[in-house]
There are 2 protein chains.
Amino acid sequence: MQRNTPRKRANLRDVAASAGVSVATVSRVMNAPETVAKATRKKVEEAMNSLHWVPSAAARAINSGRTRFVGALVPTLDNAIFARVLASMESRLATHRLSLVVATTDNDPVQEAEKAKGLVDIGAEGLMISGVTHAPEFYSLIERSQLPTVSTSFYDPGYRLPTIGYDNAAAARTALTHLTDLGHRRIAVVHGPSASNDRTRARISGLEGHSPKPDLSFFEVQLSIAGGCEAGLAILQAADQPSAVLCLSDVLASGVLFELQRQGVSVPHEKSVIGLDDLVGSAHLFPELTTVHLPVSRMGAAAADAIASWVETQKIPEPSLLNSDLVVRASTARTGTIGGHPVARRARTDFGK
Amino acid sequence: MQRNTPRKRANLRDVAASAGVSVATVSRVMNAPETVAKATRKKVEEAMNSLHWVPSAAARAINSGRTRFVGALVPTLDNAIFARVLASMESRLATHRLSLVVATTDNDPVQEAEKAKGLVDIGAEGLMISGVTHAPEFYSLIERSQLPTVSTSFYDPGYRLPTIGYDNAAAARTALTHLTDLGHRRIAVVHGPSASNDRTRARISGLEGHSPKPDLSFFEVQLSIAGGCEAGLAILQAADQPSAVLCLSDVLASGVLFELQRQGVSVPHEKSVIGLDDLVGSAHLFPELTTVHLPVSRMGAAAADAIASWVETQKIPEPSLLNSDLVVRASTARTGTIGGHPVARRARTDFGK
DNA sequence: ATGGTTGATGAAACTGGTTACATGTGTCAA
DNA sequence: TTGACACATGTAACCAGTTTCATCAACCAT
């Protein structure tokens, strides 16, 4: 029973005519109801209802100059880390009565520039991006449009855009130090594609010049659980077996963990594994993953606040460094310690029939 | 060196004046460059640049009647399943030159209605929602605004909105049948909050009246890995130990898996575990998770297409049923079989130093 | 009765684009 | 030389709202 009337949507004038008032009065009913006489208001509201009138967002926006939404450009939604950032950003933006438009870039600066253009075209009031590397077209776009844009996932007060993030190099170093503190010297480092990801490069660079100097071997795989599995297998087939695996991301660490178990290698007894991110699930893996916590929720909220205030006050927000910290759980142990770790492979006790 | 000029953004008239042409010509340079003489075009482009002019999306929208973005209302971004749906939706929408605005509802119909209102207010051209249960205000909103809205994550051709999804009851039944086929009769069912989630309820109802009739015990926990762990522990403490655990979601299954391992219970030897969703990581867990695949990527893409076509042609799309299928992996085994499964706890072979 | 104030409403200008239509110029065939 | 026509450009109306300012009636104090 489709009503095929190519019904032209009613507009404010139609409502005004139908209610027998002026357009100004209708507008007032929307924006300042208390200034309209009760009887008049009622008439207008009835007219609105009977015409199924919904005000045009565009027409409002043209007057206020505000569209009330901002865009976020993230590499992918498949990594829980970005989902987390967006989740907290979205909820914080909501408190500023702002909505969030999401665009994924697949780590490709060209796609990023295109999607950014698309966001500007549809009227985004601000932008959130991830990482330091972007296409020249991207920079010229935000330059000419003077669009409030904050860059996240890293911290650099000297960057051309305000940054809100953590020190990736330091986070990686924290993880490495934890391993060397536990006596590990031969360490496998698992990381995602470094060519297309500056944060990965920053993390790798944080491993340089460490003292005591460890013997690092690098494994580059796709940034996914499957990639982690792949790395886990490759590590086991290497000539010199490392005593610990340092994963530059928790998803990789999860994959490594699963694969080591699959291959019968006990963690942390035979090998320690450390991650970096601290995803919500990481605390519940088996064994519970030792990792470096990255404050991504706070980062999302901070980015939301920064953009909102920039949009509202026109003042460029200060860059902000969020600290990351080591979370020691059950997947790392001192070298040479066999069976000594309290949580790992706890014997089954009194369950079962 | 902030330029504190409270610079009013340049508009089309300013550009026209600066270039010494009419507004129509400037507009043409934007929309039909080939109709403008080369020299003129150049003049105009220079004026645009020097004034840092970016056309107002709102003003464009007011003429075209199009804002070029649609909204998606999902319970949360923290569950990988919704991240997946949104990811595929976003990329498919991009092919229709549409952007995606994301709003989370936290499974709360009131929040959902509010956020929906927000999306309509900022001009969303269409909406995607999840699940069958919504607030009356929500329905009246989409009714009066006549907003193209598709409902996902379930299938019901009789629903008031077109649905694009799978049969939740059937998917759960598929999982259960797999377990009974393997000889399991005493089965623990782990699920998320049912009160606030109709899909969970549908899945539970799919378990009813099964033949052969299994002995089911239900464990309701938060829909998270932590919740799964909790359920895993609770199951082990139950009086009658089930031989299999049916999780109505893969995140729960992951948690159960981790916890069982932590407690020294071997899967699938001592207990089989089956999930429902088939998240990308599930294939790589240890042991690889047997689950029922839900075509969420296809669903996201289908929803994007449906909304796009509805917006463009004004024709209500047909509801669409996507089928789900069993994916047998390593976490389930026949009852009574000890050590017989090929993948589980394979002995460590020739690795190590 | 007069003037001042308040409250409710309307007329019209305005936002920043698009576009129908009009105008003016140059080229070419008759 | 003239008419036809294409091409480039301009004028002004238009989209759907908001907002300024004016108007007018009612009320109250003088």
Side-chain angles (χ1 to χ4, degrees), chain A residues 6-45 47-48 51-68 120-125 144-146, chain B residues 6-48 51-68 120-125 144-147:
Chain A
R7 54 163 163 42
K8 179 178 145 316
R9 250 179 82 187
N11 63 23
L12 193 150
R13 261 102 185 155
D14 299 334
V15 175
S18 157
V21 299
S22 73
V23 292
T25 302
V26 179
S27 180
R28 281 186 201 105
V29 170
M30 302 277 320
N31 304 307
E34 69 284 356
T35 68
V36 178
K38 214 165 174 183
T40 316
R41 199 191 314 168
K42 194 156 166 239
K43 262 194 315 185
V44 172
E45 277 163 355
M48 287 176 175
L51 291 176
H52 291 300
W53 182 66
V54 180
S56 144
R60 286 192 139 175
I62 207 179
N63 289 293
S64 66
R66 301 217 40 189
T67 53
R68 305 217 75 89
V120 172
D121 281 348
I122 66 172
E125 295 192 59
R144 71 174 352 233
S145 64
Q146 296 282 316
Chain B
R7 52 162 166 41
K8 176 176 145 316
R9 246 179 85 188
N11 65 21
L12 191 148
R13 264 102 183 157
D14 298 335
V15 175
S18 157
V21 298
S22 74
V23 291
T25 301
V26 179
S27 181
R28 281 187 203 106
V29 170
M30 302 279 317
N31 304 306
E34 69 283 357
T35 68
V36 179
K38 215 163 174 185
T40 315
R41 197 191 313 167
K42 193 157 168 237
K43 261 195 315 187
V44 173
E45 277 162 356
E46 275 161 10
M48 287 177 174
L51 292 176
H52 291 299
W53 181 67
V54 181
S56 145
R60 290 192 136 173
I62 209 180
N63 289 294
S64 65
R66 303 217 37 190
T67 53
R68 304 216 76 89
V120 172
D121 282 348
I122 66 172
E125 294 191 58
R144 72 176 349 237
S145 64
Q146 295 283 315
L147 197 64

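Throughout, protein chains are lettered first and strands after them, A, B, ... in sequence-line order, and every chain is numbered starting at 1. Since we're looking at a predicted model, the values are computed, not measured.
Taking the side chain as every heavy atom from C-beta outward, B:L12 and B:V15 never approach each other to under 4.5 Å. Taking the side chain as every heavy atom from C-beta outward, A:N31 and A:R60 approach each other to under 4.5 Å. Residues A:V26 and A:M48 meet the side-chain proximity criterion, which asks for heavy atoms closer than 4.5 Å. Considering only heavy atoms from C-beta on, B:R28 stays 4.5 Å or farther from B:V44 through its side chain.
Comparing A:T25 and B:V23 along DNA chain C, the residue whose closest nucleotide (by nearest heavy atom) sits nearer the 5' end is A:T25. Nearest-nucleotide positions on DNA chain C place A:S22 closer to the 5' end than the other of B:N63 and A:S22. Residue B:R13 is the one, among B:R13 and A:V54, whose nearest nucleotide of DNA chain D lies closer to the 5' end (criterion: closest heavy atom).
Nearest to the side-chain atoms of B:V36 among the listed nucleotides C:dA11, D:dT9, C:dT19 stands D:dT9. For A:R28, whose side chain is taken as the heavy atoms from C-beta onward, the closest listed nucleotide among D:dT20, C:dA20, C:dA13 is D:dT20. Of the listed nucleotides (C:dT18, C:dT9, C:dG17), C:dT18 has the atom at the smallest distance from the side chain of B:N31. Set against C:dT9, D:dT19, D:dT9, the side chain of A:T40 has C:dT9 as its closest nucleotide. Checking C:dG10, C:dG16, C:dT18 against every side-chain atom of A:V21, the shortest atom distance belongs to C:dG10.
Distance A:I122 CD1 to C:dG17 P: 17 Å, rounded to the nearest Å. If you measure from atom CZ of B:R9 to atom C1' of C:dG16, you get 9 Å, rounded to the nearest angstrom. B:K43 places its NZ atom 12 Å from the C1' atom of D:dG10, with the value rounded to the nearest Å. The distance from atom CE of B:M30 to atom P of C:dG17 is 9 Å, rounded to the nearest whole Å. When rounded to the nearest whole Å, the span between CD1 of B:I62 and P of D:dA13 equals 18 Å. Atom C1' of nucleotide D:dA16 and atom CG of A:N11 are separated by 6 Å, given to the nearest angstrom. As a whole-Å value, the separation of B:L12 CG from D:dG10 C1' is 13 Å. The separation between A:R60 atom CZ and C:dG16 atom P is 18 Å, rounded to whole Å.
Using a 4.0 Å heavy-atom cutoff across all strands shown, A:A37 reaches sugar-phosphate atoms only and no base atom.
The distance from the OG atom of B:S56 to the CD1 atom of A:I62 is 5.5 Å, given to the nearest 0.5 Å.
A close approach under 4.0 Å does occur between a side-chain nitrogen or oxygen of A:S27 and OP1 or OP2 of D:dT18.
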